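Here's the structure, in structure tokens; my notes come after.
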Amino acid sequence: MLIQPSKAPQLFSYPKYWAECYGTAPFLPMSRTEMDQLGWDSCDIIIVTGDAYVDHPSFGMAVIGRYLESQGFRVGIISQPDWRSPEAFTALGEPNLFFGVTAGNMDSMINRYTADRRMRSDDAYTAGGEGGSRPDRSVIVYSQRCKEAYKNTPIVIGGIEASLRRIAQYDYWDDEVRRSVLIDSGADVLLYGNAERAIAEVAHKLSAGRTMDDLRSVRGIALQLDSVPKGWVEVDSTRIDWPGNIDQIPNPYQMLDKEGASCASDGSKDDSDSGTDVVRIIPMPLSTKELGKLDGDTDVYVRLPSFEKVKSDAVLYAHASRVLHQESNPHNARVLVQKHGSKEIWVTRPPIPLTTEEMDSVFDLPYQRIPHPVYGDKNIPAYDMIKTSVNIMRGCFGGCTFCSITEHEGRVIQSRSEESILREIEQIRDKVPGFTGSISDLGGPTANMYELNCKDGVTQANCRRLSCVYPTICKSLKTDHAPTTRLYRKARAIPGIKRILIASGLRYDLAVLDEEYVQELVTHHVGGYLKIAPEHSEDHTLQKMMKPGMGSYHEFKRMFEKYSRKAGKEQYLIPYFIAAHPGSTDDDMLKLALWLKKNKFRVDQVQTFYPSPMALATAMYHSGRNPLKKLHYKRGEKVFAARTIEQRRLQKAFLRYHDDKNWGYLRDSLIKMKRHDLIGDGDDHLVPSEQSARSGRGRQMRAGQGKKMNAARGSQWSSRPASAPKKRR
């Protein structure tokens, strides 16, 4: 039975709460004085955030706050409170409905620590850019302080930190599996993903006097339950190797079209999901007919291995990660249940993506587009980066295993209309102080996925692929970039707009399918440099990343250089690479270093793999197994991961082979790897000999090579700083 696309109530169709009579606030109030000026005696909802309050659609607290305001609620903001006591959490009084708690636009641990677990000194989301304005694990700490301040007030947690910790998750900083943040925080409800739909239902239900038990059907949330509801069918996925003879059942993750062929691009077996029995039905196998009925049945949940099991069994953890990612399509996903001690974590189905009209309405809310006046003249680096950029879409169907965008925003692309985007550009032109005529970005999680989606709604509703572009580009995916090309042209034509740059990461394997788009991009929207992310040169590692091979990179490079010459411009590609990604051996990194040298790239700042919660690559890192394939204890693919500081340092050093600070370390490592042939003073050597380095000839030689590289490539190559808030694609 084919599943039909799911629908949701229109985002702005709810009856307004009675407090709508107070109208729109200039800024959501951050003090009692501001509340008094608005005539408020109390707030209905108070948002506690780890970021400075910027009233801009790129900041989560502003989007959720302004949306709730549009629903008639009085919303206050407590920004970066002193978490050492509950006093700061009483600044606006007790909210009538609930506290909404978020760590901010970034995970607080990633915000505060580098990939080497060193504390950062800066914070792009704080006025003045100084670090230390938020605690570790901000969602937990803020929630506990809210409870201390007002013990009977419900707490709703959300944002990326809560979203990526909705079930038991591996924690890189503690090097162990931690419980769902819903339990550790003591919160009542967790919202995951972009939460407009969920927050609307939660707020309106609670304002109508409904209880937490009445929220079990709300999509995009997690709840703590004492027991699962009666009448539901359980799909048991708590084990990997099942004993006895059990009849083979169809793979519930393989969608068949009307002709019986897989939705994989070429009709062949999809290597990204090679298992046939990830989920089993017990106490006895169901027939094919009975199993098919479950796909369209909303009263079905999948039981994951318990927290206690995945904490002590890394292979089971990888299995749970695999199942969670397979249950991510909002149209066919099932409820997930995971036991934590005596409690059940109940994770409802993902939210239905917003329509174009709903996206437009969210971005048209009355944002001031500047920081709250309380910050005075202090700069907020994250705001400075995005104040002249425009977000044109949400979501990403790339499925890169190291990236958390898909786990948070989903795989379905949600695009704004041309009119909404062009209107925002005009607002930037007219309202942003000091605007010089340059738009810094028209993008989102990925620059060139605007309006790219599945060609058929029913096919999309039944698909369980982890990526629409890996291992090959799906035949059902729209790849025509004409809407993006048309948008670029219309945006450039707006009076007062001198230049529009594209700063979001580019999916070049899609771009090469539309040469007109590449020509438009290269001719008009590259400010000298264009960032792309091959991430690695070796297929062995790229497979673990779910990234395309280097063939697509070389094809895009050919087009880029062709149209740069045609436009009479000297422009350069800036490639990004990751060191120490699971699956990347020292030999793989050596080959990447040789590739960099051969192609005259000298990478300055580099990215070391950062195991973020819930990412598939993090499951690889923790378990040493590949959750992209069926898991077994005694067989199945094992994955090497550079875990020690020494291993990670070496892989990072290979990316910076040209840095004389790394030469001694690389020489010793090459000797251990029996690659003495790469030590010497010639062009075919990776690092100079010790004698040359000591005499200074190595530095002189490298300086000469650097001049040749810079003459050939135009600059010293660099990557985005680790603290930058932009997502890499």
Side-chain angles (χ1 to χ4, degrees), residues 107 110 113-117 164 170-173 175 271-272 314 317-318 321-322 325 396 398-407 466-467 469-471 505 507-509 531-550 552-553 575-596 601 603 605-629 637-657 669 719-720 722 727-729:
D107 182 284
I110 294 176
Y113 297 93
T114 70
D116 294 330
R117 299 189 180 98
L164 300 185
Y170 172 74
D171 185 271
Y172 173 61
W173 304 273
D175 192 24
D271 292 334
S272 66
Y317 176 85
S321 178
R322 173 179 169 84
H325 284 80
C396 181
C400 301
T401 61
F402 54 81
C403 180
S404 298
I405 292 173
T406 300
E407 286 88 336
L466 298 181
S467 170
V469 290
Y470 183 87
R507 190 80 196 200
Y508 54 82
D509 53 340
K531 295 170 286 190
I532 59 173
E535 308 294 7
H536 215 286
S537 61
E538 303 307 299
D539 288 342
H540 172 75
T541 303
L542 289 169
Q543 290 170 4
K544 304 301 183 297
M545 298 177 173
M546 288 178 63
K547 291 284 287 186
M550 294 303 287
S552 296
Y553 165 79
Y576 289 98
F577 298 94
I578 295 180
H581 191 279
S584 177
T585 64
D586 294 347
D587 187 57
D588 291 329
M589 292 304 298
L590 171 57
K591 291 176 181 176
L592 174 53
L594 293 173
W595 184 92
L596 289 170
F601 287 129
V603 183
Q605 293 176 313
V606 302
Q607 177 76 24
T608 304
F609 170 67
Y610 208 146
S612 59
M614 203 173 285
L616 280 165
T618 301
M620 296 180 197
Y621 175 89
H622 174 57
S623 68
R625 300 299 183 96
N626 185 1
L628 299 176
K629 298 182 178 180
E637 183 180 2
K638 296 185 178 180
V639 178
F640 169 79
R643 295 180 59 88
T644 68
I645 292 295
E646 291 75 18
Q647 290 172 330
R648 291 166 70 83
R649 177 190 169 197
L650 174 59
Q651 295 218 0
K652 188 174 181 178
F654 273 124
L655 285 180
R656 288 185 47 77
Y657 66 91
S669 299
S719 297
R720 179 182 295 120
K727 292 289 185 182
R728 296 176 67 234
R729 195 74 234 116

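Note that the structure is predicted; figures quoted are calculated from it, not measured.
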- Taking side chain as C-beta onward, heavy atoms only, is M589 less than 4.5 Å from E538? no
Only distances under 3.5 Å count here; give the side-chain donor-acceptor pairs of residues 612-622 to other protein atoms, sequence neighbours excluded, each with its distance to 0.1 Å.
{"residue": "S612", "atom": "OG", "partner": "S404", "partner atom": "OG", "Å": "2.9"}
{"residue": "T618", "atom": "OG1", "partner": "S612", "partner atom": "N", "Å": "3.2"}
{"residue": "T618", "atom": "OG1", "partner": "S612", "partner atom": "O", "Å": "2.6"}

- Query: Hey, mind stepping through Y610 and Y113 against side chain to side chain contact (heavy atoms under 4.5 Å, CB included) and telling me if it holds?
  - Reply: CA-CA 10 Å; Y610 208 146; Y113 297 93; 3.7 Å; yes
- Item | Minimum heavy-atom distance between T406 and G399, given as atom pair plus value | OG1-N, 3.9 Å
- Query: Okay, side chain of R117, backbone of Y172: is any donor-acceptor separation there less than 3.5 Å?
  - Reply: yes
- Taking the side chain as every heavy atom from C-beta outward, state whether V606 and R656 have any pair of such atoms under 4.5 Å apart. yes
- Task: Enter the distance from L655:CG to T608:OG1 here, rounded to the nearest 0.5 Å.
- Result: 7.5 Å
- Message: Is the shortest side-chain heavy-atom distance between K547 and S552 below 4.5 Å?
- Response: no
- Message: Please report the interatomic distance OH(Y657) to CG(L592), rounded to the nearest 0.5 Å.
- Response: 10.0 Å
- Which is it for Q543 and N626 under the side chain to side chain contact (heavy atoms under 4.5 Å, CB included) test, yes or no, and what are the steps along the way? CA-CA 10 Å; Q543 290 170 4; N626 185 1; over 6 Å; no
- Message: Is there a side-chain contact between Q607 and E535 in this structure, where contact means two heavy atoms from C-beta onward sitting under 4.5 Å apart?
- Response: no
- Message: Quick one, L594 and F654 - any side-chain contact, counting heavy atoms below 4.5 Å?
- Response: no
- Note on the structure: NZ of K591 to OG of S584, rounded to nearest 0.5 Å, is 11.0 Å
- Is K531 close to Y576 at the side-chain level, that is, under 4.5 Å between some pair of heavy atoms? yes
- Task: Taking the six-membered ring for Trp and the single ring otherwise, decide whether the centroids of F609 and F402 are under 6.0 Å apart.
- Result: no
- Task: Given side chain to side chain contact (heavy atoms under 4.5 Å, CB included), test C403 with M546 step by step and report yes or no.
- Result: CA-CA 10 Å; C403 180; M546 288 178 63; over 6 Å; no
- Task: Please determine, by modelled atom types, if H581 and Q651 share a side-chain donor-acceptor pair under 3.5 angstrom.
- Result: no
- Task: For R507 and C400, work out which heavy atoms get closest and say how close.
- Result: NH1-SG, 3.5 Å
- Query: How long is the span from the CG atom in L542 to the NE2 atom in H536, to the nearest 0.5 Å?
  - Reply: 7.0 Å
- Task: State which residues pass salt bridge (charged side-chain N to carboxylate O under 4.0 Å, His left out) with R643; sequence neighbours excluded, sorted by chain then number.
- Result: D175
- Message: Can you tell me how far apart OH (Y553) and OG (S537) are? Round to the nearest 0.5 Å.
- Response: 11.0 Å
- Task: State, to 0.1 Å, how close S669 and L650 come at their nearest heavy-atom pair, and which atoms those are.
- Result: OG-CD1, 3.2 Å
- Task: Kindly indicate whether the side chain of Y508, heavy atoms from C-beta on, has any atom under 4.5 Å from the side chain of P534.
- Result: yes
- Excluding sequence neighbours, so at least two apart, what forms salt bridge (charged side-chain N to carboxylate O under 4.0 Å, His left out) with D588? none
- Query: Salt bridge or not for E637 and K544, using N-O below 4.0 Å?
  - Reply: yes
